[in-house]
There are 4 protein chains.
Amino acid sequence: MVAPTPPVRKAPQQERSRLMVEKILTAGREVLLRDGYDAASTNKVAKQAGISPGSLYQYFADKDAVVDAVVAKYADELSDRVAASLTDQLGGPDDSLIHATLHALLDALEENEAFLRVFVDELPRTRNHERLAGVEQRVSDLMAAYLAARRGDVRDVPPSRAAWIVVRAIEQLTVRYVLDRPPMSRDELVAEVDAMVTAYLQS
Amino acid sequence: MVAPTPPVRKAPQQERSRLMVEKILTAGREVLLRDGYDAASTNKVAKQAGISPGSLYQYFADKDAVVDAVVAKYADELSDRVAASLTDQLGGPDDSLIHATLHALLDALEENEAFLRVFVDELPRTRNHERLAGVEQRVSDLMAAYLAARRGDVRDVPPSRAAWIVVRAIEQLTVRYVLDRPPMSRDELVAEVDAMVTAYLQS
Amino acid sequence: MVAPTPPVRKAPQQERSRLMVEKILTAGREVLLRDGYDAASTNKVAKQAGISPGSLYQYFADKDAVVDAVVAKYADELSDRVAASLTDQLGGPDDSLIHATLHALLDALEENEAFLRVFVDELPRTRNHERLAGVEQRVSDLMAAYLAARRGDVRDVPPSRAAWIVVRAIEQLTVRYVLDRPPMSRDELVAEVDAMVTAYLQS
Amino acid sequence: MVAPTPPVRKAPQQERSRLMVEKILTAGREVLLRDGYDAASTNKVAKQAGISPGSLYQYFADKDAVVDAVVAKYADELSDRVAASLTDQLGGPDDSLIHATLHALLDALEENEAFLRVFVDELPRTRNHERLAGVEQRVSDLMAAYLAARRGDVRDVPPSRAAWIVVRAIEQLTVRYVLDRPPMSRDELVAEVDAMVTAYLQS
DNA sequence: GATGAATGAGAATTCATTCAT
DNA sequence: GATGAATGAATTCTCATTCAT
């Protein structure tokens with residue numbers, strides 16, 4: 001991995017661009033958190049970012065593009081963390097994979113609870129459908145691979161089907177746990193979800 | 001529950017009111033279906049209802065109140081159907097309750113697929129949070145009652161906790177099945193969900 | 001001609017509408033005169049009209065519709081006056097028709113010199129192409145009819161062709177006279193244009 | 001007219017300047033033709049010219065200056081051609097001067113029909129008033145000189161006055177012919193205009 | 001009660017122009 | 001000189017809500 005000779009003039013420009021995009025995404029996130037989706041506006045985001053409304057449009061085609069990028073950034077972080085945890089567990093003992101993944105997922109969700117609320121409860125799902133589908137697909141694929149590898153030990157249905165079921169169930173239960181705080185502890189939730197998924201896969 | 005003596009002159013007025021509210025709700029539903037949430041407006045709803053925008057505000061405090069009421073109506077219908085199915089099954093054989101309820105739920109969801117899409121994928125969840133929570137609570141309560149009655153045969157956790165888990169998982173899986181149409185048949189979906197829930201409850 | 005029973009409630013509403021449209025057109029004219037076409041804006045027009053920007057859009061679809069209507073009003077007035085003068089002269093002595101019409105036209109143009117300047121020199125011709133074409137067509141038709149009636153006495157070409165030539169030449173010469181004020185008196189202009197048109201028609 | 005000794009180092013700079021101005025004018029013309037006046041912008045012109053928006057402002061004070069220069073270039077070309085044709089005819093037989101000039105003018109206009117349309121129908125006349133006036137003045141002067149030379153044979157009014165009339169009539173009729181394509185052939189148009197002008201001058 | 005014209009704050013977006021590099 | 005990112009005032013248009021009739 002040799003660092004290539006950096007282009008003389010392009011590097012700082014790219015750096016500036018990255019900085020502006022970063023500023024806008026951060027500001028977008030802040031505005032979404034502060035004002036909610038309905039009350040968010042491109043001018044507010046620009047003001048929060050300390051730039052002019054016109055500048056924002058040099059980096060994003062329109063309002064949706066800004067929201068999409070903010071959401072994408074969050075979705076990617078989440079996706080990365082869950083995928084990493086899952087991958088780490090793939091070689092380990094079978095009975096801890098679900099357990100460990102649930103904790104990793106809950107960690108990630110709880111760290112960003114405020115934004116999760118905006119993301120899940122305020123944004124029309126259509127706005128982030130693709131991003132969410134991307135996360136789900138990525139995790140489903142990993143899960144399906146895991147199930148395929150254990151074929152014979154687990155429920156005899158196509159791995160993709162079992163993965164679809166398991167991923168969506170886990171997603172919903174963890175997300176709603178974080179956002180709705182039903183009367184059970186985190187460990188109790190994990191115990192139940194783990195029990196459900198494990199029982200299902202072994203049935 | 002006996003209806004109290006109705007005021008002599010108020011009855012026809014209440015009747016008119018009911019009619020207006022009905023007109024507005026129907027129009028609201030139509031506009032949401034036709035134009036989607038973003039393009040819906042109070043003026044469009046009023047026009048569709050054949051009344052003036054001003055009149056709408058005699059029956060609903062603001063735009064949100066209209067959307068809420070439209071959603072509430074749909075949620076109540078859904079809630080009624082699922083609750084009825086569940087109640088019907090409570091006295092029957094244990095192993096068909098989940099199965100029958102899943103079919104009843106899928107019937108109800110598929111009948112209103114277009115509106116379900118608006119409701120779940122277009123409306124910000126905040127808009128219908130309470131209504132949805134109401135449906136979930138009602139079904140959770142029934143489920144918890146059922147589990148309490150079978151205490152001893154089923155997973156040894158507080159019934160309300162198992163119900164919370166089961167109801168949310170089923171809700172998510174059936175809704176996403178109808179809206180996302182993953183590559184499995186309805187019977188295959190029911191088989192998996194039934195297997196998961198049953199295995200969980202018996203674990 | 002019996003006046004029909006006036007609709008009880010519709011009349012005053014129509015009256016209000018007419019009033020609003022009138023207010024907007026007047027304000028539009030004033031803003032065009034004061035600020036010119038480029039600096040004119042819908043909000044300025046609304047402010048000048050003493051109404052809100054939103055109200056303007058109840059009567060006109062967009063900015064162009066307002067400008068078009070202002071222009072149309074002016075074009076219609078002009079068209080009416082010239083057509084009336086021309087019609088009046090059709091039965092009279094041949095040698096005064098051009099003369100009288102030129103004076104009528106110059107009267108009309110000079111009375112509205114300021115707006116004529118906006119109309120001809122500021123508005124992109126595309127903006128008022130249709131309106132202008134309408135005026136020209138109307139006058140051309142009358143002129144062609146006149147020439148057809150005199151067939152035998154006048155230049156032996158299709159009347160529509162001679163009319164096309166004459167109308168456009170007169171239009172240009174009178175308009176530029178009013179706007180550019182070349183060093184000749186009005187009577188001198190009329191003498192020249194009259195001479196040109198008359199000589200042409202008799203050639 | 002001898003070029004003064006050029007400053008030793010300034011020459012190549014002037015050359016570069018000339019090149020940049022040329023690039024900008026060409027780009028401006030292309031953008032006006034491609035996008036029309038309303039959709040044209042300084043940034044588009046700069047991009048089309050392959051320079052930066054900032055550079056444009058080293059050669060032109062503002063947007064209007066660019067448009068003016070583009071228009072001026074076209075007007076000068078046109079002016080040159082018509083003046084040349086007119087000059088060529090001054091020594092020839094009187095009765096072919098108008099005829100030949102009309103053809104020369106129509107040639108020039110038809111060759112640039114697309115830009116003529118932008119120039120005449122899209123650009124607010126104010127934008128090109130001076131340039132157009134320049135063309136008209138130049139041609140009028142030539143025409144007046146010609147008429148002065150023929151004094152005695154032609155209509156007895158100040159030559160400048162007759163020239164003003166004739167030049168504006170011809171301009172309008174040829175331009176509208178090219179842009180509006182009325183139902184007559186080019187030769188028919190020339191015949192009529194020639195007849196009108198000749199008859200007028202001899203009246 | 002019903003009406004619907006009027007409201008007006010505010011949204012997204014553009015583009016001529018500047019100025020630090 | 002050249003650059004082009006940044007500017008920000010200004011523009012068109014929307015729509016939830018009000019209130020005089």
Side-chain angles (χ1 to χ4, degrees), chain A residues 9 12-17 19-20 23 38-47 49-66, chain B residues 13 16-17 20 38-47 49-67, chain C residues 9 12-14 16-17 19-20 23 38-47 49-66, chain D residues 13 16-17 20 38-47 50-67:
Chain A
R9 233 172 319 179
Q13 280 179 20
Q14 276 183 350
E15 197 49 31
R16 261 216 262 172
S17 273
L19 240 58
M20 286 290 278
K23 265 202 267 186
D38 279 355
S41 79
T42 52
N43 284 4
K44 275 186 192 167
V45 172
K47 191 169 197 179
I51 64 172
S52 91
S55 297
L56 188 150
Y57 284 85
Q58 292 218 331
Y59 299 93
F60 295 94
D62 54 21
K63 188 194 179 184
D64 285 352
V66 179
Chain B
Q13 281 180 17
R16 264 216 260 171
S17 274
M20 288 288 276
D38 277 357
S41 74
T42 51
N43 286 2
K44 275 186 191 167
V45 172
K47 189 172 195 180
I51 64 171
S52 92
S55 298
L56 190 151
Y57 283 83
Q58 300 232 324
Y59 300 95
F60 294 94
D62 55 20
K63 190 197 180 184
D64 288 350
V66 179
V67 175
Chain C
R9 237 173 316 181
Q13 281 178 20
Q14 276 183 349
R16 260 216 262 173
S17 273
L19 240 59
M20 286 289 278
K23 265 202 268 186
D38 278 357
S41 78
T42 50
N43 282 7
K44 275 186 192 166
V45 172
K47 190 169 196 178
I51 65 172
S52 90
S55 297
L56 187 151
Y57 284 85
Q58 292 219 329
Y59 298 94
F60 296 94
D62 53 22
K63 188 195 178 182
D64 286 351
V66 179
Chain D
Q13 280 178 21
R16 262 216 260 169
S17 273
M20 286 289 276
D38 277 358
S41 74
T42 52
N43 287 0
K44 275 185 192 167
V45 172
K47 189 171 194 179
I51 64 171
S52 92
S55 299
L56 191 149
Y57 283 83
Q58 300 232 326
Y59 301 95
F60 294 94
D62 56 20
K63 188 196 180 182
D64 287 351
V66 179
V67 175

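Bear in mind the structure is a predicted one, so any value in this text is a computation, not a measurement.
- Within 6.0 Å of NZ on K63(C) lie more than 12 heavy atoms contributed by other residues, nucleotides or ligands.
- Listed candidates were dG1(F), dG1(E), dA6(F). Nearest to the side chain of Y59(D) is dG1(F).
- Atom CE in M20(D) sits about 10 Å away from atom C1' in dT3(F), given to the nearest Å.
- For DNA chain F, each stem of at least three Watson-Crick or G-U pairs (distances under 3.5 Å) is given as range with range: E:2-21 with F:2-21.
- Across all non-hydrogen atoms, the minimal contact from I51(C) to L56(C) is CD1-N, 3.9 Å.
- Atom NZ in K47(A) sits roughly 11 Å away from atom P in dA11(E) (whole-Å rounding).
- When the P atom of dC15(E) is taken as reference, atom CZ of F60(D) falls 20 Å away, rounded to whole Å.
- Closest approach of Y59(D) to S17(D), counting heavy atoms only: CE2-OG, 3.6 Å.
- Considering only residues two or more places apart in sequence or on other chains, S52(B) meets the side chain to side chain donor-acceptor pair (under 3.5 Å) condition with S55(B).
- Distance CG (L56(C)) to P (dT11(F)): 14 Å, rounded to an integer number of Å.
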Check: What string of B, S and - do you get for nucleotides 12-21 of chain F, 5' to 3', if B is base contact, S is sugar-phosphate-only contact and - is no contact with any protein heavy atom under 4.0 Å?
Finding: BBBBBBB---

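- Residues that satisfy the salt bridge (charged side-chain N to carboxylate O under 4.0 Å, His left out) test with K44(D), not counting sequence neighbours, are D35(D).
- Qualifying side-chain contact (heavy atoms from CB on, under 4.5 Å) partners for Y57(C), counting only residues two or more places apart in sequence or in other chains: T42(C).
- Partners of D62(A) by salt bridge (charged side-chain N to carboxylate O under 4.0 Å, His left out), not counting sequence neighbours: none found.
- Contact record, N43(B) with P53(B): OD1-CB, 3.5 Å, taken as the closest heavy-atom pair.
- Between the base of dA6(F) and the side chain of Q58(A) there is a donor-acceptor pair shorter than 3.5 Å.
- Counting non-hydrogen atoms under 4.0 angstrom, I51(A) reaches the backbone sugars and phosphates but no base.
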